[in-house]
Structure formats: C-alpha cells, structure tokens
Asker: 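So that we are looking at the same thing, I have put the structure below in structure tokens.
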Amino acid sequence: ALARLPEVRELGPAGARLDGRPLRSLRPRERFGVTVVAIVRADGETVHGPGADAVVRAGDTLRVFGLARQVDAFRAEVL
C-alpha cells in the first residue's frame with residue numbers, strides 16, 4: 001500500500017537540453033501528474049514552490065511530488 005502513496009523525490013542533475021527552459025514547457029502536471037515543488041540550484045540556492053515561469057538550469061535538481069510511476073515517467077521523458 002505504501003508504494004501507492006505520493007512521495008517527493010529528487011531528480012537530477014538537469015542536463016543541457018533543459019537549460020533555460022521554463023517549467024511550463026515541461027508540462028509536468030498535465031503530462032505526468034507530478035508537481036515540481038522545488039528547484040535546487042547547483043550553487044545550493046533552493047527555489048521553493050516554483051511557478052510555471054521558473055527557469056530550469058543545467059545542473060539543477062528538481063524535487064518532484066507524485067506517485068512513483070509518475071515520477072519515473074517524468075524522469076524518463078524529461079531528464
């Protein structure tokens with residue numbers, strides 16, 4: 001039953017193909033049912049509750065909330 005509960009997982013680091021792209025362009029909620037709850041920059045800065053216009057940079061780690069299968073699908077497609 002625990003495997004069916006949503007969780008927060010850290011994904012990254014983001015590669016060059018995501019550099020400069022806003023979260024909106026990834027469409028995490030529409031395409032995968034996940035929410036990006038934070039972006040952790042390579043320098044350690046954390047953007048909590050990033051909006052759709054938040055820009056992903058190469059080297060960022062994304063904290064993503066969702067079911068394990070949704071998070072895995074997001075990782076496979078986006079990262």
Side-chain angles (χ1 to χ4, degrees):
L2 289 179
R4 293 194 174 139
L5 295 176
E7 58 191 24
V8 174
R9 296 204 352 228
E10 290 198 353
L11 308 179
R17 74 181 200 152
L18 291 185
D19 193 39
R21 290 186 61 184
L23 283 179
R24 171 181 284 112
S25 72
L26 306 180
R27 299 176 53 224
R29 194 167 299 151
E30 297 87 351
R31 292 176 62 202
F32 305 97
V34 301
T35 301
V36 177
V37 297
I39 299 172
V40 181
R41 304 287 186 201
D43 66 5
E45 174 195 357
T46 300
V47 179
H48 295 282
D53 293 326
V55 173
V56 178
R57 301 177 193 154
D60 286 352
T61 298
L62 305 179
R63 285 192 187 137
V64 179
F65 177 77
L67 298 173
R69 62 181 170 73
Q70 294 170 318
V71 174
D72 289 343
F74 178 74
R75 173 195 281 128
E77 183 75 22
V78 175
L79 296 177

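Please read these numbers as outputs of a predicted model, since none were measured by experiment.
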Asker: Same cluster or not: are Phe32 and Phe65 linked, directly or through other Ile, Leu, Val, Met, Phe, Trp or Tyr residues, by side-chain heavy atoms under 4.5 angstrom apart?
Answerer: no
Asker: May I ask whether Leu18 and Val55 are part of the same hydrophobic cluster, defined by side-chain heavy atoms of I, L, V, M, F, W, Y residues being less than 4.5 angstrom apart, directly or through others?
Answerer: no
Asker: If you look at every heavy atom in Pro22 and Ala52, which pair is closest and at what distance?
Answerer: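 Taking Pro22 first and Ala52 second, the nearest heavy atoms are CB-O, 3.7 Å.
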Asker: Around atom CZ of Arg31, are there more than 12 heavy atoms from other residues, nucleotides or ligands closer than 6.0 Å?
Answerer: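 Atom CZ in Arg31 is packed in, count exceeds 12.
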Asker: Does anything in residues 50-65 form a side-chain hydrogen bond (donor to acceptor under 3.5 Å, both in side chains)? List the pairs, not counting sequence neighbours.
Answerer: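 Listed once each, the pairs are Glu10-Arg63, Arg24-Asp53, Arg41-Asp60.
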Asker: Any salt bridge between Asp72 and Arg75, counting N to O under 4.0 Å?
Answerer: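 A salt bridge is present here (some side-chain N lies under 4.0 Å from a carboxylate O).
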Asker: Of Val47, Leu62, Thr46, which meets side chain to side chain contact (heavy atoms under 4.5 Å, CB included) against Val40?
Answerer: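 Only match with Val40 under side chain to side chain contact (heavy atoms under 4.5 Å, CB included): Thr46.
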Asker: What distance do Arg4 atom CZ and Leu67 atom CG have between them, rounded to the nearest 0.5 Å?
Answerer: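 One gets 10.0 Å once the value is rounded to the nearest 0.5 Å.
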Asker: How would you list, by chain and number, every residue that makes a side chain to side chain donor-acceptor pair (under 3.5 Å) with Arg27, sequence neighbours excluded?
Answerer: none
Asker: Does Val34 share a hydrophobic cluster with Leu11, counting links as ILVMFWY side-chain heavy atoms below 4.5 Å and allowing steps through other members?
Answerer: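 Val34 and Leu11: one cluster.
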Asker: Please name all residues satisfying side chain to side chain contact (heavy atoms under 4.5 Å, CB included) with Ala54, sequence neighbours left out, ordered by chain then number.
Answerer: Leu23, Ile39, Pro50
Asker: Grab the two heavy atoms, one from Ser25 and one from Arg21, that are nearest each other, plus how far apart they are.
Answerer: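 It is OG-NE, 3.1 Å.
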